[in-house]
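One-based numbering, in listed order, for ligands and for the atoms of each.
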Amino acid sequence: MSTFNAPKGTYDLLPPDSATFLAVREAIARPLRNSGYGYIETPGFENVELFARGVGESTDIVTKEMYAFETKGGDRLALRPEGTASVLRAALEANLHKAGNLPVKLWYSGSYYRYERPQKGRYRHFSQVGAEAIGAEDPALDAELIILADQAYRSLGLRDFRILLNSLGDKECRPVYRAALQDFLRGLDLDEETLRRAEINPLRVLDDKRPDVQKQLTDAPILRDYLCDACKAYHEEVRELIGAAGVVFEDDARLVRGLDYYTRTTFEFVHDGLGAQSAVGGGGRYDGLSEMIGGPALPSVGWALGVDRTVLALRAEGVELPLPTVTSVYAVPLGEEARRVLFAKVTELRKLGIATDFAYGGKGLKGAMKNANRSGARYAIVAGERDLAEGVVQLKDMESGDQAPVGLNEIVAELETRLG
Ligand code: ATP
Ligand code: MG
């Protein structure tokens, strides 16, 4: 690999495709902003211990995928592999939960890092938009988040996604199930590492994607049969609220998530056009996480949606987002004097919010008009010495090809009117 290539498992976002990424981030954020979620930004790295405790010592993320390192000063840090632990850490550190206004609702957008085997839809640097509602146990809050994610995907024009829903129980009923599952797993033909995982976190074995493991899990005990009455009632309420909102979902009794801290409501958004990397987003309730990282009991719920895979899902469905025009007006000066005069007009137009660009580098008319075309501009303004002597510029409609002189003092107002 050359020094001048992007590192393995990463890629650059370049125009014009990068505009789609921005639009996806924006589309996911919009319903959140509209629902009382405030924007939060945390550092790209944290003390490694936060993730070890907050994500779980036995998870793939912590054992295999984390970029952990020691600084020159001896601090043990890790690039953030996910957002929830950081957001909760920041909320606790700033005492947001003590301001007397629970739940604390936050949304974020940023880069995450996991040392994974790169594949389509699986990268070492990827992008998520996420939401966390901290400090309230209320089925309506779980339902709100699922409904908002559904809204976000629909607003993008996605159709072929599905919402999978499950409950993981709580500290009352999950241990009973855990023990039953462990008994079952001990009787299977599993490799050593998986058997070890079965001892530390048996639920995660259900998430094993290898077919030979999945085949043996057909008769595994199911969590639903072990839920306590409180968890059952809570889950039923979440299901009813989502259903009443017209959001279609599927009960998936086998759905567990990669992170240790989930309790009760668990969900995943999958897209059927993505092949193996089908999860476009996921989340759930994490009532125990705050205490795990040294905070008070703060039942919470959240999700993270993957921006990269959402863009792939749009492509798979052939959805073209209506992207805003990059450039409306393109100015082409012919000669020194025209350069100064048109450059001033460009600045004026930009101040009015009209997207304007300029032919730099002293190009001739032909080359400059080619650039004007490529820019997608609706109008070009062209001026040479003779135009300026007459006090006009040539205004060219790039769609119809019509061209007419407009007074130098009128051109800004004229364009403003035409572009409405
Ligand atoms: P998977 O099962 O595909 O590994 P995950 O359970 O690890 O996903 P989460 O930790 O729940 O994923 O992250 C939420 C979302 O972030 C995923 O649904 C996915 O869209 C995205 N995501 C996670 N890891 C990657 C990655 N390595 N590359 C691109 N997107 C990712
Ligand atoms: Mg993963």
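Contact annotation for Lys209 and ligand 1: only side-chain heavy atoms (C-beta onward) come within less than 4.0 Å of the ligand. Only the side chain of Gln128 comes within contact range of ligand 1, with a heavy atom under 4.0 Å; no backbone atom does.
Of all atoms in ligand 1, numbered sequentially from 1 with element shown, those under 4.0 Å from a heavy atom of Tyr123 are 26 (C), 27 (N), 28 (N), 29 (C). Residue Gly121 approaches ligand 1 through these ligand atoms, each under 4.0 Å from one of its heavy atoms: 28 (N), 29 (C), 30 (N).
Of the options Arg114, His271, Glu268, the smallest heavy-atom separation from atom 10 (O) of ligand 1 is shown by Arg114. Distances from atom 4 (O) of ligand 1 to the heavy atoms of Glu65, Glu116, Arg122 put Arg122 nearest.
The aromatic rings of Tyr67 and Tyr115 lie perpendicular to each other, with more than 60° between the two planes, well past the 30° mark.
Between Val280 and ligand 1, at least one N/O pair is under 3.5 Å apart. Taking distance alone, with nitrogen or oxygen atoms compared against 3.5 Å, Gly281 approaches ligand 1 more closely than that limit.
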When the side chains of residues 299-313 are checked against the rest of the protein, which donor-acceptor pairs come out under 3.5 Å, sequence neighbours left out?
residue, atom, partner, partner atom, Å
Ser300, OG, Gly135, N, 3.3
Ser300, OG, Leu298, O, 2.8
Trp303, NE1, Leu145, O, 2.6
Asp308, OD1, Ser127, N, 2.8
Asp308, OD2, Tyr11, OH, 2.4
Arg309, NE, Gly121, O, 2.6
Arg309, NH1, Ala279, O, 2.9
Arg309, NH2, Gly121, O, 3.1
Thr310, OG1, Gly306, O, 2.6

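Annotation for Arg339: atom CZ does not count as buried by contact number, only 12 or fewer foreign heavy atoms lying within 6.0 Å.
Side-chain N or O atoms of Ser290 include none that pairs as donor or acceptor with a backbone N or O of Gly288 at under 3.5 Å.
Salt bridge absent: Arg224 and Asp252 never bring a charged side-chain N and a carboxylate O closer than 4.0 Å.
Looking only at atom types and distance, the side chain of Ser111 has a donor-acceptor partner in the side chain of His125 under 3.5 Å away.
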